[in-house]
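Written out below as structure tokens is the structure these notes cover.
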Amino acid sequence: MAANGAGDAAGDDDPIAPFLSAFLRTLETPLAELGISWSPDAIEALVEVAAGPERDFAFPVHRAAAQLRRRPDEVAREIAGRVTRPPELAAVVAQGAYVNATAESESLTRRTLDLALGRGTRYGHSAIAQTPTCIEHTSANATGPFHVGRVRNAVIGDTLARIDRATGLPVTTQYYMDDMGRQAALITWIWTKPRGQWPPSVRSAVEGHEVPGEKPDAVRGRAYPPSSAFLKESAEAQAEVGALVQAIESGHPPPEHRALVQEILGGMLASLARLGITFDEFVWESDLLRDGSVDRVLERLRAASHAVQEENGAWAIDTSSYGLPKESSRVIFQRGNGTSLYVTRDVAYHLEKFARFPTVIDVLGQDHQLHARTLDALLAEIGEPRRPTYLIYQDITVPEGGRMSTRGGSAVWLDGLLAEAVERARGEVLKRREDLADADVDRIAEAVATGAVRFHIVRVAVEKPVVFRWDDALSFEGRSGPFVQYSYARASSVLRKSGTPDGPFPYEAARLADPEERALIRVLARLPRSVAHAARNRHPHVVAGYAHELADQFNRFYHAVPVLRSGDERASRLALVAAIRQGLGNALDLLGVPRLETM
RNA sequence: GGGCGCGUAGCUUAGCUUGGACAGAGCAUCGGGUUCCUAACCCGAGGGUCGGGGGUUCAAAUCCCCCCGCGCCCGCCA
């Protein structure tokens with residue numbers, strides 16, 4: 001069980017590939033002799049890779065035995081007995097109902113170290129995919145500081161982009177900027193209004209709280225919650241904001257509008273940049289309106305077969321045939337006043353994406369699940385055959401239950417989380433390093449803090465909810481980012497002290513025969529398959545799990561086997577450490593967790 | 001009410017796509033390890049009705065059905 005399936009090959013970039021194919025070829029003849037003529041693909045589908053220690057490949061014979069109406073263990077023994085062992089395999093043996101094989105260690109060592117050292121930062125990468133891909137993620141409204149509840153979207157999206165690129169995909173990341181609608185209008189409404197006319201609640205939330213050097217998202221964002229609350233009570237404010245929404249949608253926003261949105265967005269992006277998250281492109285919703293693409297979508301939807309007009313002039317799609325879980329079986333796509341809705345504009349956005357990218361991935365919180373299905377239905381209505389691939393993740397929740405939100409006092413801002421993380425990381429650094437300059441302490445603390453946060457978020461499968469707890473989010477040991485960073489720093493340290501940190505790294509495979517060394521090489525050899533697997537299934541957490549496993553095995557090796565103090569093995573072990581350092585570093589890069597040469 | 005997701009040791013989780021060998025980890029707990037390459041580490045121990053019940057199968061955490069619990073969504077908001 002467990003282990004990887006055989007279907008995650010990463011081609012020439014995969015150290016394991018030749019050994020796996022040798023095993024598959026080896027099985028073919030004995031199976032045929034027993035009267036089972038399975039294609040190599042059929043055999044491969046059953047084979048497990050890395051099935052256990054000293055068990056690189058496992059072939060369960062149950063199915064073959066059933067076909068022959070014979071006992072599995074007997075069949076396994078017979079297959080193993082008929083095998084002609086190829087040079088790539090050290091052993092092919094029957095164990096219970098399995099035929100297991102071990103790769104020949106020296107050639108596996110050579111192939112793994114040569115690839116890891118030869119490909120350098122590209123080890124783990126492959127060229128198994130090439131479809132131009134658009135990954136849209138984050139796309140948070142610019143109403144204030146970046147919220148921790150939303151950071152999972154950004155981390156998942158950015159990590160997936162990195163992993164996809166590592167398999168050869170040309171990836172473009174997009175941030176969809178919603179500068180229309182009430183939320184964006186509310187910001188402009190309050191900040192273009194003279195302060196003397198502000199509601200008292202907004203004044204008291206903003207005034208007296210300014211901190212010198214504060215980020216614009218924090219400053220502007222403080223006005224948002226009380227403004228939003230005020231809006232619910234004041235009919236006059238509702239009318240003003242409504243007029244503003246209309247003005248924005250009709251293409252005549254106040255001149256300050258875009259600048260305000262951009263200013264807040266800039267602050268949010270600065271926070272994301274600390275996590276290594278950046279975007280290739282920003283798509284502004286208002287641009288889709290301005291260039292007429294929304295109008296064209298409205299036109300096509302009105303002409304759609306299930307389009308119906310409501311009494312007040314609004315237009316809807318009758319979605320009863322799409323089985324959407326809505327109480328009313330219709331989706332309004334155009335208001336009574338003729339303006340469009342979010343989902344309508346999203347149709348226009350996706351048509352634009354489809355025109356440029358064969359693969360379109362949307363990273364969405366589970367609260368957007370219905371939106372995604374609605375979008376699919378509307379795309380179908382206008383005869384668009386393509387659909388985005390949705391990567392839907394569960395929300396980050398608070399321990400008391402419920403989603404993290406600005407309501408109910410459960411708000412945690414990313415900047416606050418990072419500030420706390422940096423503070424704790426600094427304490428850890430100072431605890432063990434007294435020799436560092438202040439600037440180095442700062443740099444390491446920042447890297448440890450952001451690494452811990454990113455790793456903590458990405459390590460859990462997207463479909464699992466994440467409960468936010470400070471101590472978990474900021475854990476620096478065990479299955480954490482700093483654990484991997486520490487292992488990388490350790491490897492770097494050994495190399496630094498070797499006198500030849502940059503190589504070359506001549507080695508003799510025969511000298512890397514310790515069980516811990518063999519186990520370590522086998523983990524390193526799995527990096528390309530692990531990345532390929534993560535990309536294929538869009539499971540970024542797999543890479544986090546792999547990184548921990550590699551670091552874990554490296555630490556075991558480190559304790560069990562001396563490197564610098566060893567004799568004849570010294571050069572070979574240095575090569576191994578250099579290869580591991582490369583593997584750990586590349587895994588960290590894929591996770592967006594900073595490398596640290598020392599910590 | 002309907003849809004989607006989740007339920008695995010005290011806590012956090014991997015494994016579920018493609019059923020297979022004793023369900024792997026981390027934290028916490030308990031017991032060890034540093035004159036030696038970074039102890040943010042390592043070694044060992046205890047701890048599991050894989051939510052419950054049926055079914056399919058030689059074989060079920062994994063597939064199917066029913067039920068229970070939790071979360072989210074079901075707006076002429078985004």
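Below, read A as the first sequence line, B as the second, and so on, with proteins coming before strands; counting in each chain starts at 1. Values below: all heavy atoms of this structure, side chains included; hydrogens, waters and symmetry mates excluded.
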Do R71(A) and D73(A) sit within salt-bridge range, that is, some charged N less than 4.0 Å from a carboxylate O?
-> yes

Looking for any heavy atom pair under 4.0 Å, which part of the strands does R373(A) touch: base, sugar-phosphate only, or nothing?
-> sugar-phosphate

Atom pair distance, as rounded to whole Å: CZ in R496(A) and P in U38(B) = 8 Å

For the rings on Y342(A) and H371(A), is their centre-to-centre separation under 6.0 Å?
-> yes

D514(A) CG - C37(B) P separation (whole Å) | 19 Å

Side chain of R459(A): nearest nucleotide among C37(B), C6(B), U12(B)?
-> U12(B)

Could you name each residue pair satisfying salt bridge (Lys or Arg N to Asp or Glu O under 4.0 Å) that touches residues 537-551 of chain A, not counting sequence neighbours?
-> R526(A)-E549(A)

Hey, does Q95(A) reach any base, or is it just sugar-phosphate, or nothing, if we go heavy atoms under 4.0 Å?
-> base

Partner of V92(A) by side-chain contact (heavy atoms from CB on, under 4.5 Å), out of T102(A), V99(A), N100(A) | V99(A)

Length of the line joining H559(A):NE2 and G44(B):C1', which is rounded to integer Å = 15 Å

Establish whether the base of C76(B) is bridged to the side chain of N312(A) by a donor-acceptor pair shorter than 3.5 Å.
-> yes

Side chain of N555(A) - closest among C77(B), C41(B), C72(B) | C41(B)

Kindly indicate whether the side chain of Q369(A) and the base of G3(B) share any N or O donor-acceptor pair separated by less than 3.5 Å?
-> no

For G1(B), the Watson-Crick or wobble partner whose two distances fall under 3.5 Å | C74(B)

Hey, does V343(A) reach any base, or is it just sugar-phosphate, or nothing, if we go heavy atoms under 4.0 Å?
-> nothing

